[in-house]
Asker: 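Sharing a structure below in structure tokens format, with a few things to ask.
None of these values were measured; they are calculated from a predicted model.
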Amino acid sequence: NNATLDVNGVTGTNAVTATGGGVGGLGAVVNNSLTTQAFPALAFLTLTGNTTIGGTNRWDLRPASASPDTLAPTFAGLSTGGQAYSLTKVGTNFIGIVSATVDASLASVNIQAGTLDLEGSLTGMGNTNNPITVFTNATLEFWSLSSQLEKPIFLNDGATIFNGSGANTLNSSLVLASNTPAGKANCTFNIAGSYLWTLKPISGPGNLIKTGSSILYVNVTNTYLGATLIKAGTLELFNNGALTGSSNINVSAGATFSAAGRSDDTVQLVSGQFLQGSGTVSAIVNAAAGSTVMPGTNSTAIATLTISSNAIFHGTCLMKLNPATSTCDVIHAAGVTYGGTLSLTNVSATPLSAGNSFHLFSANSYAGAFTTITPAIPGIGLAWSTNALTSGILNVGQLAKPILNGISLSGTNLIFNGTNAFAGRTYIILMTTNLIQPLNQWLPVTTNVSAVSGNFTFTATNAFNAGAAQQFYLLQAQ
């Protein structure tokens, strides 16, 4: 239980029996050679209890066909004698389990530090009801596996899955776990080689961080609640693949979020989801009511988000404007269907002014209309001009001043008629009995929101005081 075999860089050892944590809990089998890797170090490893392996330099359990003492020219072996023993990897080093016949009773596999590599023609990794758990700063690597891995995987905060080479498939659930009850783990999927394919759901509270230049395929609806950060390469939805649980999908510049493997070629954003970034979404984007789309990775930097197909907006489009540099966020898409809310933010210290023009959307076709634009006006005396949104352009115009054409009396109600009202604009009728009184001391007698543009009729109920010697009225636009 407390003994350690240090292979010390020597290759070709055929069979070792081990149990326990080894000296100081640093591994019952290790390679602590300062200079020499050992692969193969073992051809056969038999566990007679829960066992820890580790070291400071690489060693592999793999076929020893090149060694003079080999007994296994094709396969290595990892045996528990049919018992439910666990295997724990410690130490900063790399350990490979390569083309091995693995006992179907092997229980949990715990990667507490360094890298554990699963490679070649493995028969599995033991009991499929017991998980592989990858701890903080540890890595589970796949290298050209010849068959699907069927063992649940738990990733703690800071854990990494590395697809080192080839096309590998996980036919097992993955959980993006957490180290604290209220925390969200940052779990990295570094995809090199050809691709990594996940066939079962990814769940848990954690964040999925996609790095590496190759493709991560997701094949089913995934329910993890954290963010999806696509920093490099491609994350592709395949078959029924979806990320409906992910709170925020962030596509970095140069990275791609794709739905090319779905029959509908669609990324469906549900209420509460946020799609943002400066990369490419290779799909139709259907943003439901309650969802949000924003170019860029933060609320201040101007950016461009590219959608290779059609963008259909029913939720909120967050777009940033910079009148100081005449720049703005841009969404490139094949076609744009407006809807929901267009929410605009001036990220500069320069106020918006009449004549500002912002090319927010660049597409081959435009349809629909935004239900709401916020803020409702760009500034005092200004209005959004949406006529050019048929070409993706939003303009800032000078709002015509409303004109009072007449006042009539109906009982104690005053009726104001005029023109140049602007639909959706708020107008206040102010009154004073002293014409030299400062405007901020005039009293509001009625507030109206014009339903249409052009002519208007506003009624001030019980605003007329027959006992007053004189009353003066002013129409103020907000």
Side-chain angles (χ1 to χ4, degrees), residues 289 292-295 299-300 302 311 313-331 336-363 366-407 415-430 439-440 442 444-460 473-478:
T292 302
V293 177
M294 182 188 80
S299 60
T300 58
I302 298 296
F313 301 117
H314 300 288
T316 298
C317 258
L318 288 179
M319 306 293 280
K320 302 180 287 292
L321 313 176
N322 189 334
T325 58
S326 299
T327 58
C328 63
D329 283 344
V330 178
I331 293 178
V336 172
T337 299
Y338 303 125
T341 298
L342 176 61
S343 180
L344 302 161
T345 301
N346 181 356
V347 297
S348 77
T350 301
L352 294 163
S353 61
N356 287 153
S357 183
F358 301 101
H359 202 152
L360 298 172
F361 304 94
S362 176
Y366 303 87
F370 288 109
T371 304
T372 304
I373 298 179
T374 60
I377 60 172
I380 298 298
L382 302 176
W384 302 113
S385 176
T386 60
N387 294 338
L389 276 177
T390 54
S391 299
I393 299 170
L394 179 70
N395 294 314
V396 178
Q398 188 75 45
L399 188 65
K401 293 182 179 180
I403 298 174
L404 274 176
N405 292 331
I407 303 176
I415 300 172
F416 299 83
N417 296 292
T419 190
N420 284 352
F422 188 81
R425 193 75 181 269
T426 299
Y427 298 90
I428 301 175
I429 302 292
L430 301 173
L439 184 61
N440 61 4
W442 289 44
V445 295
T446 185
T447 299
N448 297 268
V449 177
S450 181
V452 296
S453 296
N455 296 332
F456 65 86
T457 298
F458 298 149
T459 299
Y473 297 92
L474 177 71
L475 178 63
Q476 184 181 71
Q478 296 294 299

Asker: Donor-acceptor check, side chain of Tyr427 to backbone of Phe458, threshold 3.5 angstrom: yes or no?
Answerer: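 Side chain of Tyr427 to backbone of Phe458, a donor-acceptor pair under 3.5 Å: no, none is there.
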Asker: May I ask you to decide if Lys320's main-chain N or O and Asp329's side chain share a donor-acceptor pair within less than 3.5 Å?
Answerer: yes
Asker: Only one of Val330, Ile331, Leu344 passes side-chain contact (heavy atoms from CB on, under 4.5 Å) with Leu360; say which it is.
Answerer: Leu344
Asker: Working to the nearest 0.5 angstrom, can you tell me the gap between Leu342 CG and Thr371 OG1?
Answerer: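 Nearest 0.5 Å value for the CG-OG1 distance: 11.0 Å.
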Asker: Heavy atoms only: give me the nearest Cys317-Phe370 pair and the separation to one decimal.
Answerer: CB-CE2, 4.4 Å
Asker: Using 0.5 Å steps for rounding, measure from the CG atom of Leu321 to the SG atom of Cys328.
Answerer: 6.5 Å
Asker: If you compare all heavy atoms of Ser385 against all heavy atoms of Leu394, which two are closest, and at what distance to 0.1 Å?
Answerer: O-CD1, 3.6 Å
Asker: Minimum heavy-atom separation for Leu382 to Ser353, with atom names?
Answerer: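 Scanning both residues, the minimum pair turns out to be CD1-CA, 4.0 Å.
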Asker: Between Tyr473 and Phe416, does the ring centroid distance fall short of 6.0 Å?
Answerer: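 Yes, the ring of Tyr473 comes within the 6.0 Å limit of the ring of Phe416, centre to centre.
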Asker: Could you report the tightest heavy-atom contact between Pro323 and Leu352, atom names first, then the distance?
Answerer: CG-CD2, 3.9 Å
Asker: Please round to the nearest 0.5 Å and tell me the distance separating atom CD1 of Ile429 and atom CD1 of Ile407.
Answerer: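 Between atom CD1 of Ile429 and atom CD1 of Ile407 there are 7.5 Å.
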Asker: As an exercise, state the distance from OG1 of Thr337 to NE2 of His314, rounded to the nearest 0.5 Å.
Answerer: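 Here the rounded value is 7.5 Å.
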Asker: State the CG-CG distance between Asn395 and Asn356, to the nearest 0.5 angstrom.
Answerer: 9.0 Å
Asker: Pro375 and Trp384: which non-hydrogen atoms are nearest, and at how many Å?
Answerer: O-NE1, 2.8 Å
Asker: Would you call the rings of Phe361 and Tyr338 parallel, tilted or perpendicular, taking 30° and 60° as the class edges?
Answerer: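 It falls in the perpendicular class, over 60°.
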Asker: After noting the C-alpha distance and the side-chain angles of Ser348 and Thr325, does the key distance pass the side chain to side chain contact (heavy atoms under 4.5 Å, CB included) rule?
Answerer: CA-CA 9 Å; Ser348 77; Thr325 58; over 6 Å; no
Asker: Would you compute the distance between atom OG of Ser343 and atom CE of Met294 and round it to the nearest 0.5 angstrom?
Answerer: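 Interatomic distance, Ser343 OG to Met294 CE, rounded to 0.5 Å: 10.5 Å.
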Asker: With a 4.5 Å limit on heavy-atom distance, are the side chains of Thr446 and Thr459 in contact?
Answerer: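 Result no, sub-4.5 Å side-chain heavy-atom pair not found.
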Asker: Quick check: closest heavy atoms across Met319 and Pro295, and the distance to 0.1 Å?
Answerer: SD-CD, 3.6 Å
